[in-house]
Chemist: 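A single structure is presented below for examination.
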Amino acid sequence: MIRCDALIVGGGPAGLAAAIALRQKGLDVLVADALRPPIDKACGEGLMPDARRDLAALGIQVTHGASFDGIAFLSGHHRVGAHFERGSGIGIRRLQLHSLLVARCQELGVRLAWGSRIRVASKQPLSLGGEPCIYQYAIGADGQSSRVRQAIGLGQGKIWSRRFGTRCHYRVKPWSRMVEVYWGDLGQAYITPVGAEEVCVATVARDPATRMEAVLAGLPALRARLEGANELSRVRGALTTTRKLRRVTAGNVALVGDASGSADAVTGEGIGLSFRQALLLGQAIAIEKLDVYEAGHPVIQRMPHLMSRVMLRMDAWPWMRERAMSVLSGQPQLFAHLLAVHLGERSVGDFLLRDAPAMGLRLLA
């Protein structure tokens with residue numbers, strides 16, 4: 001008989017972050033995953049300043065990789081960028097980040113069951129490797145197609161968008177201290193520095209048949225930057241969605257990470273959301289009140305979901321994107337304020353009161 005306070009299904013960044021947060025509250029935690037570390041996945045590999053602060057709260061200081069100071073959007077002849085108001089972000093390979101999370105779990109004494117099959121069935125307790133488990137809480141951190149979510153009857157939720165992303169690494173000296181997001185007719189490409197001589201190139205497209213080379217072909221300025229650069233990794237692909245669930249808890253079961261809903265990859269908030277959710281879950285379980293997590297979860301997702309919808313409109317309506325880029329490139333402080341709102345450094349109400357009227361008038365003009 002396997003016993004623990006919390007059984008976490010899924011050993012990706014979300015599951016490991018939840019394990020760390022719970023272990024820091026004194027719980028006996030067991031993480032189970034059918035794969036073995038380090039576990040890779042296609043993603044943009046950039047941690048925003050708020051994500052770095054959340055990682056620090058989990059006891060992890062990221063020193064490897066490459067720092068970046070802000071975000072820049074490039075579309076057609078327009079370019080607009082802004083620096084972060086507080087702190088810097090960092091680009092780090094997904095495999096390195098996963099290794100840091102695993103090491104922190106080992107340091108704290110989290111039990112890790114790699115290469116283990118978890119039996120998930122509706123209205124049945126979880127079992128591990130054929131053995132029954134006794135636990136106080138079960139945490140589903142098993143991704144977008146979560147079996148735990150299905151087993152507790154929370155379904156697929158409302159899916160606002162479904163796009164396809166790819167990722168590859170190139171040996172080239174980063175040419176900017178910002179994460180650059182290039183907008184084209186087929187999708188977006190965002191460039192994150194992850195080393196002194198390495199960048200991560202991620203693309204996102206509406207059509208699942210669209211491959212990275214097709215997106216890059218429509219972005220001549222970026223293509224010129226990458227010309228002659230050696231590929232350091234094979235191209236990986238992944239589905240990216242904007243998904244919202246009606247609930248993220250049921251009884252003694254809670255969901256974290258993509259299992260609990262997600263924002264489109266272009267927002268750059270996927271992993272950061274997982275860290276914030278993990279910290280909140282740790283606080284809620286420490287006082288044995290999962291309803292605290294239930295109430296706080298949509299607050300964490302609110303801004304990334306809003307930004308997802310705005311950016312997806314920019315992707316679907318090129319005329320709107322070009323008009324918005326024209327306004328923002330002429331008034332870069334508006335973009336800086338939007339970035340601060342996105343990172344929670346300024347309130348939406350403040351932006352609506354101070355900046356939205358002027359921006360609306362310029363868009364109409």
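Everything numeric here is computed off the predicted structure, so don't read it as measured data.
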Chemist: So with a 6.0 Å cut-off around CD of Gln124, is the heavy-atom count from everything else above 12?
Modeler: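 Enclosed.
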Chemist: Could you check if a side-chain atom of Val215 sits within less than 4.5 angstrom of a side-chain atom of Leu219, using non-hydrogen atoms only?
Modeler: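 Yes, close enough: below the 4.5 Å cut-off.
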Chemist: Could you tell me whether Asp40 and Arg94 make a salt bridge, using a distance below 4.0 angstrom between a side-chain N and a carboxylate O?
Modeler: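 Judged by the 4.0 Å cut-off on N to carboxylate O distance, Asp40 and Arg94 do not form a salt bridge.
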Chemist: Hey, is Arg223 close enough to Glu213 for a salt bridge, meaning N to O under 4.0 Å?
Modeler: no
Chemist: Roughly how far, to the nearest 0.5 Å, is CG of Leu328 from CD of Gln333?
Modeler: 9.5 Å
Chemist: I need the minimum non-hydrogen distance between Gly195 and Ala66, along with the two atoms involved.
Modeler: N-CB, 3.6 Å
Chemist: Considering non-hydrogen atoms only, spot the tightest contact between Ser146 and Ala259 and give its length.
Modeler: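 Between these two residues, the closest heavy atoms are CB-CB, 3.6 Å.
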Chemist: Between Ser329 (side chain) and Arg79 (backbone), is there a donor-acceptor pair under 3.5 Å?
Modeler: no
Chemist: Can you see whether Arg52 engages Ser88 through a side-chain donor-acceptor pair at a distance of less than 3.5 angstrom?
Modeler: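 Present: a donor and an acceptor within the cut-off.
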Chemist: Could you measure the distance from the CZ atom of Arg53 to the CG atom of Leu55? Nearest 0.5 Å is fine.
Modeler: 11.5 Å
Chemist: Between Asp142 and Arg149, is there a salt bridge with N-O shorter than 4.0 Å?
Modeler: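 A salt bridge is absent here (no side-chain N lies under 4.0 Å from a carboxylate O).
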Chemist: To the nearest 0.5 Å, what is the distance between CG on Asp185 and OG1 on Thr210?
Modeler: 11.5 Å
Chemist: Sequence neighbours left out, cut at 3.5 Å: what donor-acceptor pairs do the side chains of residues 98-112 make with other protein atoms?
Modeler:
from: His98; atom 1: ND1; to: Ile39; atom 2: N; distance (Å): 3.4
from: His98; atom 1: NE2; to: Gly11; atom 2: O; distance (Å): 2.7
from: Ser99; atom 1: OG; to: Leu95; atom 2: O; distance (Å): 3.0
from: Arg104; atom 1: NE; to: Leu58; atom 2: O; distance (Å): 2.9
from: Arg104; atom 1: NH1; to: Glu107; atom 2: OE1; distance (Å): 3.4
from: Arg104; atom 1: NH1; to: Glu107; atom 2: OE2; distance (Å): 3.2
from: Arg104; atom 1: NH2; to: Gln24; atom 2: OE1; distance (Å): 3.0
from: Arg111; atom 1: NE; to: Asp28; atom 2: OD1; distance (Å): 3.4
from: Arg111; atom 1: NH2; to: Arg3; atom 2: O; distance (Å): 2.4
from: Arg111; atom 1: NH2; to: Asp28; atom 2: OD2; distance (Å): 2.9

Chemist: Checking side-chain hydrogen bond (donor to acceptor under 3.5 Å, both in side chains) for the pair Arg147/Ser145: CA distance, chi angles, key distance, verdict?
Modeler: CA-CA 6 Å; Arg147 293 182 297 144; Ser145 302; over 6 Å; no
Chemist: If you apply the rule side-chain contact (heavy atoms from CB on, under 4.5 Å), what do you find for Leu74 with Val181, and how did you get there?
Modeler: CA-CA 6 Å; Leu74 300 93; Val181 182; over 6 Å; no
Chemist: So which atom in Pro49 and which in Leu343 form the shortest heavy-atom distance, rounded to 0.1 Å?
Modeler: CD-CD1, 4.3 Å
Chemist: Within the supplied structure, the quantity of interest is the number of heavy atoms (other residues, nucleotides, ligands) at a distance under 6.0 Å from Arg162 CZ; does it exceed 12?
Modeler: no
Chemist: Got Leu280 and Arg276 here, is their nearest side-chain heavy-atom distance under 4.5 Å?
Modeler: no
Chemist: Can Asn252 and Gln136 be counted as having a side-chain donor-acceptor contact under 3.5 angstrom?
Modeler: no
Chemist: Taking the six-membered ring of Trp160 as reference, does the cationic atom of Arg309 (NZ for Lys, CZ for Arg) lie under 6.0 Å from its centre and within 45° of its axis?
Modeler: yes
Chemist: Quick one, Val199 and Thr192 - any side-chain contact, counting heavy atoms below 4.5 Å?
Modeler: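 Counting from C-beta outward, Val199 and Thr192 never come under 4.5 Å.
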Chemist: Among Glu45, Glu198, Arg236, which residue satisfies the side chain to side chain donor-acceptor pair (under 3.5 Å) criterion with His169?
Modeler: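 Among Glu45, Glu198, Arg236, the one meeting side chain to side chain donor-acceptor pair (under 3.5 Å) with His169 is Glu45.
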Chemist: Under a 3.5 Å distance rule, please check whether Ser262 uses its side chain to pair with a backbone N or O of Thr241 as donor and acceptor.
Modeler: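 Yes.
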Chemist: Please examine the side chains of Trp175 and Glu180, heavy atoms only from C-beta on, and report whether any two atoms are closer than 4.5 Å.
Modeler: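 Yes - at least one pair of side-chain heavy atoms lies under 4.5 Å apart.
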Chemist: Is the distance between the ring centroids of Phe335 and Phe73 under 6.0 Å?
Modeler: yes
Chemist: Just how far is it from atom CZ of Phe68 to atom CD1 of Ile90, taken to the nearest 0.5 Å?
Modeler: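 So the gap between those two atoms works out to 8.5 Å.
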Chemist: Has Arg211 got a side-chain atom pairing as donor or acceptor with Pro208's backbone, closer than 3.5 angstrom?
Modeler: yes
Chemist: Do His305 and Thr242 have a side chain donor and acceptor closer than 3.5 Å?
Modeler: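 The criterion, which ignores hydrogens and geometry beyond distance, is not satisfied for Thr242 and His305.
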Chemist: In terms of relative ring orientation, are Trp317 and Trp319 parallel, tilted or perpendicular, with 30° and 60° separating the classes?
Modeler: parallel
Chemist: How far apart are the C-alpha atoms of Ile139 and Leu281, what are their side-chain angles, what is the distance that settles it, and do they pass the side-chain contact (heavy atoms from CB on, under 4.5 Å) test?
Modeler: CA-CA 10 Å; Ile139 313 299; Leu281 181 63; 3.8 Å; yes
Chemist: Working note: Thr166 + Thr203, criterion side-chain hydrogen bond (donor to acceptor under 3.5 Å, both in side chains); need CA distance, chi angles, decisive distance, verdict.
Modeler: CA-CA 5 Å; Thr166 53; Thr203 63; 2.4 Å; yes
Chemist: Would you mind reporting whether Val256 and Tyr293 have side-chain heavy atoms less than 4.5 Å apart?
Modeler: yes
Chemist: Any heavy-atom pair between the side chains of Arg321 and Trp183 that's under 4.5 Å?
Modeler: yes
Chemist: Decide side-chain hydrogen bond (donor to acceptor under 3.5 Å, both in side chains) for Ser326 and His78; before the verdict, give the C-alpha distance in whole Å, the side-chain angles of both, and the deciding distance to 0.1 Å.
Modeler: CA-CA 6 Å; Ser326 176; His78 301 295; 4.5 Å; no
Chemist: How far apart are the C-alpha atoms of Leu22 and Asp5, what are their side-chain angles, what is the distance that settles it, and do they pass the side-chain contact (heavy atoms from CB on, under 4.5 Å) test?
Modeler: CA-CA 9 Å; Leu22 293 174; Asp5 294 328; over 6 Å; no
Chemist: Regarding Lys41 and Asp258, does a basic nitrogen lie under 4.0 Å from an acidic carboxylate oxygen?
Modeler: yes
Chemist: Do Asp264 and Arg163 sit within salt-bridge range, that is, some charged N less than 4.0 Å from a carboxylate O?
Modeler: yes
Chemist: Please check if the side chain of His342 supplies one atom and the backbone of Thr267 the other of a donor-acceptor pair under 3.5 Å.
Modeler: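 Judged by distance alone, yes, a pair lies under 3.5 Å.
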Chemist: Would you call Cys168 and Arg234 a side-chain contact if the rule is heavy atoms closer than 4.5 Å?
Modeler: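 Not in contact.
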Chemist: Tell me if a side-chain donor or acceptor on Glu294 pairs with a main-chain N or O of Val248 at a distance below 3.5 Å.
Modeler: yes
Chemist: Please report the closest heavy-atom contact between Ile8 and Gly15, naming both atoms and the distance.
Modeler: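 Looking at all heavy atoms of both residues, the shortest contact is CD1-O, 3.6 Å.
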Chemist: Ignoring hydrogens, what is the shortest heavy-atom contact between Pro318 and Asp315? Give both atom names and the distance.
Modeler: CD-O, 4.4 Å
Chemist: When clusters are formed by joining ILVMFWY residues with side-chain heavy atoms under 4.5 Å apart, either directly or through shared neighbours, do Leu232 and Val172 land in the same one?
Modeler: no
Chemist: Is there side-chain contact between Phe84 and Ile71, with at least one heavy-atom pair below 4.5 Å?
Modeler: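 Contact flag for Phe84/Ile71 side chains = yes.
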Chemist: Within the side chain of Glu231, is there an N or O that forms a donor-acceptor pair under 3.5 Å with the backbone of Tyr170?
Modeler: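 Between the backbone of Tyr170 and the side chain of Glu231 there is no qualifying donor-acceptor contact (under 3.5 Å).
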Chemist: Closest approach of Pro193 and Ser67, non-hydrogen atoms and distance?
Modeler: CG-O, 4.3 Å
Chemist: How long is the straight-line distance from CG of Leu7 back to CG of Leu126, given to the nearest 0.5 Å?
Modeler: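 If I round to the nearest 0.5 Å, the distance is 5.5 Å.
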Chemist: Measure the spacing between CE of Met307 and CE of Met314 and express it to the nearest 0.5 Å.
Modeler: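 Atom-to-atom, Met307:CE and Met314:CE are 9.0 Å apart.
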